[in-house]
Amino acid sequence: MKARITADQHLLDSNRRSEWKQKDAWRTLRILSEFVDGFDTLSDIDRAVAVFGSARTKPETPGYALAEEVGAALAKEGFSVITGGGPGVMEAANKGAAEAGGESIGLGIELPFEQGLNGYVDIGLDFRYFFVRKTMFVKYAQAFIVLPGGFGTMDELFEALTLVQTKKVTQFPVVLLGTAYWGGLVDWLRGRMLEDGMVNPADVELMLVTDDVAEAVAHIVAGCNTKPGSGGDAAMPS
Ligand SMILES: CC(C)=CCNc1ncnc2c1ncn2[C@@H]1O[C@H](COP(=O)(O)O)[C@@H](O)[C@H]1O
């Protein structure tokens with residue numbers, strides 16, 4: 001299959017510098033419309049948790065089953081489940097949520113190879129720009145659960161941790177699910193990164209690491225301080 005040139009590539013890739021002078025100013029309108037669509041579609045979500053993890057996790061694997069269990073457990077607790085709308089862990093979490101009667105949301109991204117949203121998404125949006133989509137995850141979820149994954153998953157995890165650390169978001173639990181997978185990274189964060197003074201002791205405590213879905217959900221319920229119907233913190237000015 002021939003790889004398509006994506007909108008993100010037009011914007012970011014310096015090989016396309018010749019377009020920048022002519023097209024970037026107008027491209028901002030497209031970016032703006034993507035924010036407007038996202039805000040318009042997602043602003044009615046009451047309380048939601050975003051579930052991240054590998055796009056490559058295959059059905060009928062323990063990782064897929066775990067993500068399905070997470071989606072179902074969140075739905076039963078009254079949370080909408082937001083994922084990247086793709087295959088693997090995203091599909092499994094959407095499936096778990098949808099089959100448990102919950103609201104299943106997929107925020108897809110345009111990629112060089114055609115893919116579309118997975119078949120378990122009830123409310124779906126397709127984004128051209130990664131950075132617009134990432135705003136939506138943080139804005140409309142009150143917590144993140146992160147399953148094993150690759151670069152995309154790390155990007156989403158560390159964006160959340162940076163936003164919590166810098167207090168751009170408050171009361172935002174982050175759970176790493178899968179102690180065997182995450183253990184090495186967490187040891188390095190609590191060892192090398194902390195010992196070299198790159199983070200504060202409190203920073204490395206910003207995430208819960210567990211294998212237990214019920215513990216993950218309970219941690220979120222206790223930590224995100226949004227009750228059903230509250231719609232979050234309505235008293236804050238813009
Ligand atoms: C089979 C394949 C690679 C499909 C790619 N299709 C994708 N569709 C939607 N979101 C994605 C995709 N790939 C990466 N992401 C984003 O990055 C994360 C997973 O990336 P990774 O597989 O850990 O690095 C997901 O949580 C998602 O938000």
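First listed ligand is number 1; within each ligand, the first listed atom is number 1.
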Exercise. Using atom types as modelled and distance alone, determine if a side-chain donor or acceptor of Asp203 lies under 3.5 Å from a backbone N or O of Asn200.
Key: yes
Quiz item: Purely on distance, is any nitrogen or oxygen of Gly150 under 3.5 Å from one on ligand 1?
Solution: yes
Self-check item: Any Gly53 heavy atom less than 4.0 Å to ligand 1
Solution: yes
Quiz item: What part of Glu156, side chain, backbone, both or neither, has a heavy atom within less than 4.0 angstrom of ligand 1?
Solution: side chain
Quiz item: Is it the side chain, the backbone, both or neither of Arg133 that has a heavy atom closer than 4.0 Å to ligand 1?
Solution: side chain
Quiz item: To the nearest 0.5 Å, how far apart are CZ in Phe131 and CD in Glu159?
Solution: 12.0 Å
Practice problem: Could you check atom 24 (O) of ligand 1 against the protein and tell me its nearest heavy-atom contact, residue, atom and distance included? | Solution: Gly152 N, 3.0 Å
Quiz item: Taking C-beta and beyond as the side chain, do Val70 and Leu74 meet within less than 4.5 Å on heavy atoms?
Solution: yes
Quiz item: Taking the non-hydrogen atoms of Ser54, is any one of them nearer than 4.0 angstrom to ligand 1?
Solution: yes
Quiz prompt | In one Ile/Leu/Val/Met/Phe/Trp/Tyr side-chain cluster, 4.5 Å: Met154, Val138 | solution = yes
Quiz item: For ligand 1, which atoms sit closer than 4.0 Å to a heavy atom of Phe52?
Solution: 26 (O)
Exercise. Please examine the side chains of Val146 and Glu156, heavy atoms only from C-beta on, and report whether any two atoms are closer than 4.5 Å.
Key: no
Practice problem: Considering the heavy atoms of Gly86, write down every atom of ligand 1 situated less than 4.0 Å from one of them. | Solution: 8 (N), 9 (C)
Quiz item: Going by distance alone, is a donor N or O of one side chain under 3.5 Å from an acceptor N or O of the other, for Thr179 and Asp211?
Solution: yes
Quiz item: Do Leu157 and Phe144 touch side chain to side chain, with heavy atoms closer than 4.5 Å?
Solution: no
Practice problem: Measure from NZ or CZ of Lys139 to the centre of the six-membered ring of Phe39, then state whether that distance is under 6.0 Å and the direction lies within 45° of the axis. | Solution: yes
Practice problem: Quick one: look up the protein heavy atom nearest atom 11 (C) of ligand 1 and list residue, atom name and how far away it is. | Solution: Met90 CE, 3.6 Å
Quiz item: Which residue supplies the protein heavy atom nearest to atom 4 (C) of ligand 1, what is that atom called, and how far is it?
Solution: Gln115 OE1, 3.5 Å
Self-check item: Numbered atoms and elements of ligand 1 in range of Gly149, under 4.0 angstrom, heavy atoms
Solution: 23 (O)
Quiz item: Taking C-beta and beyond as the side chain, do Asp8 and Ile109 meet within less than 4.5 Å on heavy atoms?
Solution: yes
Self-check item: Protein heavy-atom partner closest to atom 9 (C) of ligand 1 - residue, atom, separation in Å
Solution: Gly84 O, 3.3 Å
Quiz prompt | atom 2 (C) of ligand 1: the protein heavy-atom neighbour that sits closest, reported with distance to 0.1 Å | solution = Ala55 CB, 3.8 Å
Quiz prompt | Thr83, portion touching ligand 1 at heavy-atom distance under 4.0 Å | solution = neither
